[in-house]
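Quick caveat: nothing in here was measured; it's all calculated off a predicted structure.
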Amino acid sequence: MLGDGALEEAKVPLLNDLASAAKLIAKQDDENQSLSTRVWIESKKLWQIVGPAIFSRLASYSMVVITQAFAGHLGDLELAAISISNNVIIGFNLGLLLGMASALETLCGQAFGAKKYYMLGVYMQRSWIVLFLCCVLLVPLYLFASPLLNLLGQPKDVAELSGDVAMWMIPLHFSFAFQFPLQRFLQSQLKNMVIAWVSLGAFLVHVLVSWLFVYRLQLGVIGTAVTLNFSWWVLVFGLFAYSVCGGCPLTWTGFSIEAFSGLWEFTKLSAASGVMLCLENWYYRTLILMTGNLQNAKIAVDALSICMTINGWEVMIPFAFFAGTGVRVANELGAGNGRGAKFATTVSVLTSIVIGLFFWLLIFLFHDQLALIFTTSKPVFKEVSKLSLLLAFTVLLNSVQPILSGVAVGSGWQSYVAYINLGCYYLIGVPLGFLMGWVFHLGVMGIWAGMIFGGTAIQTLILAIITMRCDWDKEAEKAWMHVRKWEEQSRSD
C-alpha cells in the first residue's frame, strides 16, 4: 500500500496529465475555429456576465443617489450627514468587505471551471463566516462615528447628525457580509440575470420606501437611512431565496460543516483581496480629502465632486468588466485551459478600451456642459471644464485598469497586486499629487494629475506587463492543483 507521501507524488503526474489533456482539447478547438468566430463566442460569454453586472451595479449605485436626493430635499445639513455617512463611514467598510468577497471570484470561478460544483456552496458559507466576523470588528466605526468625524475636522453639527445616521446604518453594514458573497456565488455560475432582476426589484422597493418614509411618514433623515437598510436586505433575501430554494441544485447542497474547515487559509486570501481593492477604493477618497485642504477649496471640492460623480456612474461599466473578466479567467484556468484564459483577457481588455474611448470622446466634446446637471454656478462651471481633461484620461485609464485587476482576481494574484497598489498609489501617486498641488501651486489639477499619472497609470502599466508576460499554461496547472488541494483539505477536515 502506498504511504501518504507516495500517494501525493502519484497524484501530481495525474493532475498534470489531466491539465495537459484539457490544454490539448482547447488547442484543437481553437484550431477548428476562425479568429472572428472565437471572438464572437468569447464576447457572448463575456457579455452574459457584463451586461447584467452593469445593470445591477447601476441599480445599487442609484439607490445611494436616490437616498442622497431625498435627504437633499430635507436640508443642507441632512444632505451633508447622509453624504458623509455613505462616503466616509460606509465607504471605508464597503471597499474592504467588497474586496474580501472578491476572493470568491477566484475560488468559485476556478471550482466551477473544474466542475467541482458542490465546493461553490462551501466557499460561499466560508465567506459568510469570515465577512460577518469582519463586520463585527468594524462596528465601532459606526458607534464612534461622531468623535471620529470631529477628529477629521468636520463641523460639530454635521459630525453629530452623521453619527446618528451611521448608527441607523449598522443593519446595512451587516447586509454586505451576505449580499457580496451571494452575488459572487451566482456570478461564478453565470447566473447574472438573476442578480439583475433582484437588483431591479430592490431598486423599485427603494424608491417606494423612500417616498413612504420621507414624505408620507415624515421620518426625516433617519428615515432615509432606514430605506437603505430595507432595500439592501431585500437584495440579500432575494438572492438567498433563489440560491437555496432550488435555483442552484448543483452548487448549493445545504449548510455544511465543511464551511468551518480551512478558515485560516480562506481568511488570508480574503484579506489579500480586501487590501487589494480597498487601496484602490480609498485612493480617490484621499484625493477629495487633499483637495479640501487647499486654499479657497469650496469651488475646487464642488467641481471635483461633480467630476467624481460622473466618473462614479461611468466606472460601473469597467467594474462590470472587472467581474466578467475575473469569472471568465477563473473558469478557463479551473478547466485547465490557459489559452482560453489568455484569449478571454484579450477580448475583455479590447472591448472595454473601445467603450472607454467612446466616453473619453464624449467628455471632450461636452466638457463645457458637464456641470449643467449639478449646478448653475459659473465659477464651478469653469472649474469643471478645466478638470474635464483629467476626467477624460481617468475614464480612459479606468477602461483598462479594472479589467487587469479582474485578471489578477481570476488568477489568484491578489497578494501581489496589493503590494503593487500600495507602492503605486501611496508611495508614488499621493506624494506626487502633494508635490504638484502645493509645491508647484497647481491646485486641484496638480493633485489629480499627480495621482492619475503617478499612481493609476504606473499601476496599470505594471499589471499590463505582468499579464503579457504571464505563462498561462502554468497558471492553468496551478489553478487545477489549487482546486484539488482545497477540495481535499475540506474533506480531510
Inter-residue atom distance Leu235.CG - Phe176.CZ, 0.5 Å rounding: 10.5 Å
Donor-acceptor contact present, side-chain Glu314 to main-chain Ile310, <3.5 Å: no
Can you tell me if Thr351 uses its side chain to pair, donor with acceptor, with the backbone of Val347 under 3.5 Å? yes
On a heavy-atom basis, the closest approach of Phe112 and Leu120 is N-CD1, 3.7 Å
Can you find a heavy atom in the side chain of Ile195 that is under 4.5 Å from one in the side chain of Phe55? no
Would you indicate whether Tyr117, at its atom OH, is surrounded by more than 12 heavy atoms from other residues, nucleotides or ligands within a distance under 6.0 Å? yes
With sequence neighbours excluded, tell me which residues meet side-chain hydrogen bond (donor to acceptor under 3.5 Å, both in side chains) with Ser385. His367
List in chain and number order the residues that pass side-chain hydrogen bond (donor to acceptor under 3.5 Å, both in side chains) with Arg328, two or more places apart in sequence or in another chain; answer none if no residue qualifies. Glu42, Glu332
Under 6.0 Å from the ring centre and within 45 degrees of the ring axis: does the NZ or CZ of Arg126 meet both conditions for the six-membered ring of Phe260? no
Which pairs pass salt bridge (Lys or Arg N to Asp or Glu O under 4.0 Å) with one or both residues in residues 452-461, sequence neighbours excluded? none
Ring geometry between Phe255 and Trp128 (parallel below 30°, tilted from 30 to 60°, perpendicular above 60°): tilted
Mind checking whether Ser127 and Val130 have side chains closer than 4.5 Å, heavy atoms only? no
Any side-chain heavy-atom pair of Ile54 and Trp47 under 4.5 Å: yes
Between the CD1 atom in Ile403 and the OG1 atom in Thr467, the distance rounded to the nearest 0.5 Å is 11.0 Å
Side chains of Glu105 and Phe185, heavy atoms from C-beta outward: is any pair under 4.5 Å? no
Treating Glu258 as the side-chain partner and Met119 as the backbone partner, does any N or O pair qualify as donor plus acceptor under 3.5 Å? no
Please name all residues satisfying side-chain contact (heavy atoms from CB on, under 4.5 Å) with Ile41, sequence neighbours left out, ordered by chain then number. Gln33, Thr37, Lys45
Can you check whether Phe343 reaches Asn337 side chain to side chain, under 4.5 Å on heavy atoms? no
Donor-acceptor pair between Tyr426 and Asn421 side chains, under 3.5 angstrom: no
Please check if the side chain of Asn331 supplies one atom and the backbone of Gly109 the other of a donor-acceptor pair under 3.5 Å. yes
Just checking, is any N or O donor in the side chain of Ser56 or Ser199 under 3.5 Å from an acceptor N or O on the other one? no
Name all residues meeting the side-chain hydrogen bond (donor to acceptor under 3.5 Å, both in side chains) criterion together with Thr251; count only those two or more places apart in sequence or in a different chain, and write none if there are none. Gln189
Interatomic distance, Leu182 atom CG to Phe240 atom CZ [nearest 0.5 angstrom]: 7.5 Å
Side chain of Thr253, backbone of Pro249: donor and acceptor closer than 3.5 Å? no
Give a yes or no answer on whether the side chain of Thr227 reaches the backbone of Thr224 with a donor-acceptor pair at less than 3.5 Å. yes
Any Leu98 side-chain heavy atom under 4.5 Å of Arg184 side chain: yes
Of Val136, Leu141, Leu138, Ile90, the one forming a side-chain contact (heavy atoms from CB on, under 4.5 Å) with His173 is Leu138
Who passes side-chain hydrogen bond (donor to acceptor under 3.5 Å, both in side chains) against Asn229, sequence neighbours left out? none
Nearest 0.5 Å, please: how far is CG in Leu46 from OG in Ser348? 4.5 Å
Under a 4.5 Å cut-off applied to non-hydrogen side-chain atoms, are Leu365 and Leu361 in contact? yes
Return yes if some donor-acceptor pair links the side-chain N/O of Ser231 with the main-chain N/O of Leu228 below 3.5 Å, else return no. no
Using the ring pair (Phe, Tyr, Trp, His ring centres under 6.0 Å) rule, pick out the option among Trp232, Trp233, Phe132 that qualifies with Phe174. Phe132
Does the side chain of Leu250 reach to within under 4.5 Å of the side chain of Tyr118, using non-hydrogen atoms? no
Could you check whether atom CZ of Phe364 has more than 12 heavy atoms from other residues, nucleotides or ligands sitting under 6.0 Å from it? yes
